[in-house]
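Any value given below was found using the heavy atoms of this structure, including those in side chains, with hydrogens, waters and symmetry copies removed. Sequential numbering from 1 along the given sequence is applied to the chain's residues.
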Amino acid sequence: QVQLVDSGGGLVQTGGSLRLSCAASANIDSFDAMAWYVQVPGKQRELVAGIMSGHTNYADSVKGRFTISTETVSNTAYLQMNSLKPEDTGIYYCYAVLWNHEFWGQGTQVTVSA
């Protein structure tokens, strides 16, 4: 069973930055894909950024502001979030796929004040 532990969320002003971390209990290079999703009340989780075989993709709303990356040494995935906007507010979840099994982190709250 793979465990993902999300951290790094918090309260930040508009224009600020945060870096989210996702610590995995397995070799991160073995994952088929990893991603970050965001959920706001009343809505389904939405894809923010994904990485697979070194290729990345981003939601249009975060392109140029967010960067997803992974670090093999620490088995950690990151989401660098710059130029934050109030509409980025939500709970951010790390997601990973391994051998067709899906795993989720517990989520970390990001709040961007106007």
Side-chain angles (χ1 to χ4, degrees):
Q1 182 75 5
V2 174
Q3 291 186 330
L4 303 175
V5 179
D6 302 333
S7 64
L11 173 64
V12 64
Q13 291 184 334
T14 296
S17 298
L18 286 172
R19 188 177 77 158
L20 306 185
S21 299
C22 170
S25 62
N27 182 351
I28 205 168
D29 286 340
S30 66
F31 293 157
D32 301 310
M34 295 194 74
W36 287 94
Y37 283 75
V38 63
Q39 187 166 26
V40 297
K43 296 183 68 176
Q44 292 186 334
R45 290 182 189 182
E46 295 182 346
L47 177 69
V48 175
I51 185 167
M52 181 170 64
S53 300
H55 298 285
T56 59
N57 63 289
Y58 297 92
D60 288 342
S61 61
V62 306
K63 284 181 180 177
R65 299 189 297 122
F66 291 10
T67 304
I68 186 172
S69 63
T70 59
E71 183 178 78
T72 302
V73 171
S74 61
N75 289 323
T76 303
Y78 298 99
L79 184 68
Q80 179 66 44
M81 311 166 69
N82 298 328
S83 302
L84 282 161
K85 305 175 182 179
E87 51 263 44
D88 296 322
T89 294
I91 302 175
Y92 285 73
Y93 295 90
C94 181
Y95 167 85
V97 179
L98 177 64
W99 291 98
N100 292 322
H101 294 282
E102 298 181 324
F103 302 94
W104 292 92
Q106 83 285 4
T108 184
Q109 175 72 46
V110 171
T111 303
V112 184
S113 63

Is Lys85 salt-bridged to Asp88, cutoff N-O under 4.0 Å? no

Hey, any chance Tyr37 and Leu79 share a hydrophobic cluster, counting ILVMFWY side chains that come within less than 4.5 Å of each other, even indirectly? no

Minimum heavy-atom distance between Pro86 and Ala114, given as atom pair plus value: CG-CA, 4.1 Å

Would you compute the distance between atom OG1 of Thr70 and atom CZ of Phe31 and round it to the nearest 0.5 angstrom? 10.5 Å

Take Met34 and Ile28, measure what side-chain contact (heavy atoms from CB on, under 4.5 Å) needs, and give me the verdict at the end. CA-CA 9 Å; Met34 295 194 74; Ile28 205 168; 3.3 Å; yes

Quick check: do Val110 and Met81 have side-chain heavy atoms less than 4.5 Å from each other? yes

Looking at Thr76 and Ser21, would you say the former's side chain and the latter's main chain have a donor-acceptor pair under 3.5 Å? no

Check whether any side-chain N or O of Ser17 sits under 3.5 Å from a backbone N or O of Asn82 as a donor-acceptor pair, and report yes or no. no

Please lay out, stage by stage, how Phe103 and Val97 fare under the test side-chain contact (heavy atoms from CB on, under 4.5 Å). CA-CA 6 Å; Phe103 302 94; Val97 179; over 6 Å; no

Distance in Å, Tyr58 OH paired with Lys63 NZ, rounded so as to fall on 0.5 Å steps: 10.5 Å

Between Val5 and Val2, is there a shared hydrophobic cluster once you connect ILVMFWY residues whose side-chain heavy atoms come closer than 4.5 Å? no

Please confirm whether the backbone N or O of Ser83 pairs with a side-chain atom of Arg65, one donor and one acceptor, at under 3.5 Å? yes

Any donor-acceptor pair under 3.5 Å linking the side-chain atoms of Tyr95 with those of Glu102? yes

Taking Thr111's backbone N and O only, do any of them form a donor-acceptor pair with Thr89's side chain (distance below 3.5 Å, no angle check)? no

Is it possible for you to check whether Arg19 lies under 6.0 Å from the centre of the six-membered ring of Tyr78, through NZ or CZ, and within 45° of that ring's axis? yes

In terms of hydrophobic clusters joined by side-chain contacts under 4.5 Å, are Ile91 and Ile68 together? no

Would you mind reporting whether Trp36 and Leu20 have side-chain heavy atoms less than 4.5 Å apart? yes

Which atom names give the shortest non-hydrogen contact between Val38 and Gly90, and what distance separates them? CG2-CA, 3.9 Å

A side-chain contact here means heavy atoms from C-beta on lying under 4.5 Å apart; do Leu84 and Thr14 qualify? no

Give a yes or no on whether Leu4 and Ile51 share a hydrophobic cluster (residues Ile, Leu, Val, Met, Phe, Trp, Tyr; joining criterion: side-chain heavy atoms under 4.5 Å apart). yes

For the backbone of Asn75 and the side chain of Glu71, can you confirm whether one donor and one acceptor N or O come within less than 3.5 Å of each other? no

Heavy-atom nearest pair, Gly9 first then Thr108, reads N-OG1, 3.0 Å

Looking only at heavy atoms, what is the nearest atom pair of Gly105 and Tyr93, with distance? O-CD2, 3.5 Å

Is the number of heavy atoms from other residues, nucleotides or ligands under 6.0 Å of Gln3 CD greater than 12? no

Nearest heavy-atom neighbours spanning Ser30 and Leu98: O-CD1, 3.1 Å

Would you say Val48 ends up clustered with Met52 if hydrophobic residues are merged whenever their side chains have heavy atoms under 4.5 Å apart, either directly or through other cluster members? no

Closest non-hydrogen atom pair, Asp6 against Cys94: OD1-CB, 2.9 Å

If you count heavy atoms of other groups shown closer than 6.0 angstrom to CD of Glu87, is the number above 12? yes

